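Keep in mind that this is a model prediction, so the values were computed, not measured.
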Amino acid sequence: MDTITSQKKSIYSNLTFQILIAMILGAFLGILIHQNYLEEDAKSFSDKIKMLATIFIRLVQMIISPLVFTTLVVGIAKLGDVKSVGRIGGRAMAWFFSASFISLLIGMFWVNFLKPGVGLKLGNIDYTTATEVADKTQGFSAQNFVEHIIPKSIVEAMANNEILQIVIFSIFFGLAAASIGNTVKPVINALEKSSHIILKMVNYVMKFAPLGVFGAIAGVFAIKDVNDLLITYAKFFSSFLVGIGSLWIFLLLIGYLFLKSKMTVLLKRIISPLVIAFGTTSSEAVFPKLTEELERFGVKDKVVSFMLPLGYSFNLDGSMMYMTFASIFIAQVYNVPLNIPTQMTMLLVLMLTSKGIAGVPRASLVVVAATCGMFKIPIEGIALILPIDHFCDMFRSATNVLGNALATSVVGKWEKNS
């Protein structure tokens, strides 16, 4: 038994090592291409090498919908009644909204304290991509938000990988199955076996992770002069790192408060998902792997299958911190006065409008653009942060993974003690 356990640990630590090596090699190759080839050739190379990342992310996306549906339905059916679902759901939402509020506050505090946008003048800003992002905010209203949450077709929701919509359908399906009783056991057993097959697929898909990370990193470094970017955006990026670092310290302290010595074990388990999310800038890319690792950590499968899909819709801590930080930063650059009451109103608006955004690259920029529009801040200001956004996204994606891993683990511990 000990031999099998050590072999498993070796496999996962080996995957993490491969991903780290892939990141280094990707950065090295990207810089080499950037320095030795013409811009159009580097762009062509970037487009081609990024296909490796696209293949990996699409492989992951391929299994997310069936994994969320099967595990969540089985988890709710195993809980047995509406009371149990309500108890875990209540604990989950209490954690999610508390963590989101604190994340927003941290971003608001540091952007006001460090003032990275005051007196900043940036030239040669490309507004093309900013316009594309701003266009996505058209029709960004309460009605559209509700329509986005409630699925009109589960097939459509699965086809588009709308996690929150799948969660809503799965909760209704699971509760209905639980209320019928023993007669639906064959259906639940079939779904449970299906979830095991899909988790086995996760192992196969993860073998592509180093290639995906390599392609993503090489593609970015091939077309961006990192030195110029970091020098130009030094104040913004360093202030952002202070904020995200503060959030990590807060999350780790809270995690230790609840998990004690098991916190170290959890971190060892989620190193691989953290690195993949960091390299691909997508917390969605590690959803299946994170599910597997949390169950190995000891959280009951019914808790993981219930908590994690909800967390990916309601508990994106890194993205939340970035939203207030970026919105107020743009206001500072354009000298738009925002007093504290206005900023608190903005914070509450972000608490609501951000729920349900997908854990994919740049999803949070749409919310930032919409928020800027609501508070009379020039929406084109997102063009100021777009050049450096990829590197910020690496940190906030990893933070989202950490936040969801902690939330699931803590609620899992509460359930054990219930």
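- Residues in residues 62-74 take part in these side chain to side chain donor-acceptor pair (under 3.5 Å) pairs, two or more places apart or across chains: Ser65-Asn161.
- The shortest distance between side-chain heavy atoms of Ser409 and Lys413 does not fall below 4.5 Å.
- For the pair Lys224 (side chain) and Ile388 (backbone), a donor-acceptor distance under 3.5 Å is absent.
- Here the two rings, on Phe329 and Tyr322, have centers that are 6.0 Å apart or farther.
- Taking the six-membered ring where tryptophan is involved, the planes of Phe96 and Phe314 are essentially parallel, since the angle between them stays under 30° and well short of 60°.
- Between Phe169 and Met158 the shortest side-chain heavy-atom distance does not fall below 4.5 Å.
- Between Leu274 and the choices Leu290, Val401, Thr399, the side chain to side chain contact (heavy atoms under 4.5 Å, CB included) rule is met once, by Val401.
- Side-chain atoms of Asp393 and Ser397 form a donor-acceptor pair, as typed in the model, at a separation below 3.5 Å.
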- Message: Could you walk me through whether Met321 and Asp317 satisfy the side-chain contact (heavy atoms from CB on, under 4.5 Å) test, starting with their C-alpha distance in whole Å, then the side-chain angles of each, then the deciding distance to 0.1 Å, before giving a yes or no?
- Response: CA-CA 6 Å; Met321 177 267 161; Asp317 298 330; over 6 Å; no

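- Inter-residue side-chain proximity for Pro116 and Phe325 is flagged as met; some heavy-atom pair is nearer than 4.5 Å.
- At distances below 3.5 Å, not a single donor-acceptor pair connects side-chain atoms of Asp389 with backbone N or O atoms of Ile385.
- The main-chain N or O of Ala222 is never found under 3.5 Å from a side-chain atom of Ser46 such that the two would form a donor-acceptor pair.
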- Test side-chain contact (heavy atoms from CB on, under 4.5 Å) on Met108 and Leu350 and set out the steps. CA-CA 12 Å; Met108 179 178 147; Leu350 283 168; over 6 Å; no

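- Annotation: side-chain hydrogen bond (donor to acceptor under 3.5 Å, both in side chains) contacts of Gln343 (sequence neighbours excluded): Asn112.
- Only one option out of Leu114, Ile106, Leu247, Val111 pairs with Val242 in a side chain to side chain contact (heavy atoms under 4.5 Å, CB included); it is Leu114.
- For the pair Ser305/Val74, no side-chain contact is recorded, criterion being any heavy-atom separation below 4.5 Å from C-beta on.
- The environment of NZ in Lys235 is crowded: more than 12 heavy-atom neighbours from other residues, nucleotides or ligands sit within 6.0 Å.
- Remark: side-chain polar atoms of Asn404 are not paired, donor with acceptor, to backbone N or O of Leu308 under 3.5 angstrom.
- From Gln18, atom CD reaches atom OG of Ser272 across 9.5 Å, with rounding to the nearest 0.5 Å.
- The side-chain heavy atoms of Leu267 and Met263, taken from C-beta on, include a pair separated by under 4.5 Å.
- Shown here are the side-chain hydrogen bond (donor to acceptor under 3.5 Å, both in side chains) partners of Trp110, two or more places apart in sequence or in another chain: Ser246.
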- Item | Verdict with reasoning, Phe45 to Tyr37, per side-chain contact (heavy atoms from CB on, under 4.5 Å) | CA-CA 10 Å; Phe45 167 83; Tyr37 288 84; over 6 Å; no

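- When each of Val304, Leu310, Ile88 is paired with Val411, the side chain to side chain contact (heavy atoms under 4.5 Å, CB included) condition holds for Ile88 and for no other.
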- Task: Could you please spell out the steps behind the side-chain hydrogen bond (donor to acceptor under 3.5 Å, both in side chains) verdict for Ser44 and Lys48?
- Result: CA-CA 6 Å; Ser44 176; Lys48 288 180 173 63; 3.1 Å; yes

